[in-house]
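Values below: all heavy atoms of this structure, side chains included; hydrogens, waters and symmetry mates excluded. Note that the structure is a prediction, hence the values are computed from the model and not measured.
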Amino acid sequence: MSQHPVTQPPELKPQRYKTWTAISGEADDTPQTLFEHLNELRSRLFRAILALVIGVLASAVFTSSILKYLIKPYGSELKVLGPTESVVMYFRVALLAGAILAIPYITLQLFMFIAPGLNRKEKRWIYMALPATTGLFLVGVAFAWFIMVPSALGFLRDFESGIFEADWTAERYIAFITSLLFWIGVAFEMPVVVFVLARLGILGPRPLLHNWRFAVVLITIAAALITPTVDPFNMLLVIAPLLGLYIVSIGLAALAYPRSLRN
């Protein structure tokens, strides 16, 4: 009787999560090298940049209308001091509008990069945060446009009007408006980010409360970077809502932080 040698089944190599498995299943324990992590990051960044480019191209069709809307608070046409200044301002506004359009997809790509390392519960909280971050960004843009911009322009236009005549250039005006809209929109995402970090047990309310002086310094630096001008009124106009958002973030962290970790 002939005997056949027993063959061992081939060892299966662990497969990486597919996209939708990675964002819905448990954490992926498949080992990866540093090069594989960098390659995954490169892929996500490429997709995010591609989404930004598509958003800019799509918004470029409506940029002229957006520019007309942005200069309405000023009340008249803006001056340009160089031959390329109008073109630069056009693409600056197109870039801002494209970034707003692409932010949901860019946020999704960031989540897709970190999703394999999170368990199902952690992913659920991030799912809830994704639409909230986009919504709060738009709320921040609306707050800056309808509340901050009118008060800031009214003050700056009427400041010492008997001495100075408000005749602003396109570069200064558009830079002021777009920086204010974008960074206030980003700042409004702070509460939901803190809420998710607190819910995951990463950041509690005590560090936020104990380090409020350091937070005030960082907020002041951020306000100085956001506002193109150096006058205290515009800095205060940015600092006030940022401090309010920081206080709201402390309250949300206190509500979301797990009780098992409070002590």
Side-chain angles (χ1 to χ4, degrees), residues 48 51-80 85-107 130-157 166 168-193 218-246 248-249:
L52 178 61
V53 172
I54 295 175
V56 171
L57 293 177
S59 61
V61 180
F62 310 100
T63 302
S64 296
S65 300
I66 297 173
L67 278 168
K68 293 178 181 178
Y69 185 72
L70 290 178
I71 66 174
K72 273 187 177 181
Y74 179 68
S76 61
E77 295 180 351
L78 296 168
K79 289 186 175 182
V80 292
E85 186 174 332
S86 57
V87 178
V88 172
M89 292 302 101
Y90 184 93
F91 283 103
R92 183 187 183 101
V93 173
L95 180 61
L96 174 63
I100 293 175
L101 292 177
I103 273 181
Y105 186 78
I106 293 174
T107 307
L130 286 176
T133 52
T134 302
L136 285 176
F137 179 85
L138 297 177
V139 170
V141 171
F143 174 81
W145 176 251
F146 291 106
I147 296 179
M148 298 181 65
V149 169
S151 58
L153 295 182
F155 173 82
L156 295 174
R157 186 187 298 111
W168 301 331
T169 64
E171 181 182 6
R172 296 294 180 89
Y173 178 83
I174 296 299
F176 173 77
I177 295 295
T178 54
S179 297
L180 198 62
L181 294 179
F182 180 78
W183 290 111
I184 293 299
V186 171
F188 265 66
E189 296 178 341
M190 178 171 55
V192 69
V193 173
L218 290 181
I219 288 174
T220 304
I221 296 174
L225 295 176
I226 292 173
T227 53
T229 59
V230 295
D231 58 281
F233 175 78
N234 281 293
M235 286 191 61
L236 182 62
L237 203 62
V238 177
I239 290 173
L242 292 183
L243 287 176
L245 290 171
Y246 186 77
V248 171
S249 299

N/O donor-acceptor pair under 3.5 Å between Thr169 side chain and Lys79 backbone: no

Ile66 side, atom CD1; Phe62 side, atom CZ - distance, nearest 0.5 Å: 8.5 Å

Glu189 side, atom CD; Leu138 side, atom CG - distance, nearest 0.5 Å: 9.0 Å

Smallest separation among heavy atoms of Phe143 and Ile184, with atom names: CD2-CG2, 4.3 Å

Any donor-acceptor N/O pair, Glu171 side chain to Glu85 backbone, under 3.5 Å: no

From Leu52 atom CG to Ile100 atom CD1, the distance as rounded to the nearest 0.5 Å: 11.5 Å

Considering all heavy atoms, the nearest Ser59-Gly98 contact: OG-N, 3.5 Å

Inter-residue atom distance Tyr69.OH - Trp145.CH2, 0.5 Å rounding: 6.0 Å

Shortest non-hydrogen separation from Ala170 to Met89 and the atoms involved: O-SD, 3.6 Å

Minimum heavy-atom distance Gly55-Leu101, with the two atoms named: O-CD1, 3.9 Å

Ile174 side chain near Val88 side chain, heavy-atom distance below 4.5 Å: no

Pairwise distance OG(Ser249) to CG(Leu243) - rounded to 0.5 angstrom: 11.0 Å

Ala102 to Ala51 - nearest heavy-atom pair and separation: CB-O, 3.6 Å

Full working for side chain to side chain contact (heavy atoms under 4.5 Å, CB included) between Val141 and Phe188: CA-CA 9 Å; Val141 171; Phe188 265 66; over 6 Å; no

Shortest non-hydrogen separation from Leu242 to Ala187 and the atoms involved: CD2-CB, 3.0 Å

With Thr63, the side-chain contact (heavy atoms from CB on, under 4.5 Å) member among Val93, Leu95, Val56: Val93

Spacing of CD1 belonging to Ile177 relative to CG belonging to Leu153, to within rounding of 0.5 Å: 5.0 Å

Parallel, tilted or perpendicular: rings of Phe137 and Phe182 (30°, 60°): perpendicular

Arg172/Leu78 under side chain to side chain contact (heavy atoms under 4.5 Å, CB included): CA gap, chis, key distance, verdict: CA-CA 10 Å; Arg172 296 294 180 89; Leu78 296 168; over 6 Å; no

Test item: Tyr246 side-chain N/O and Met190 main-chain N/O as donor-acceptor pair under 3.5 Å: no

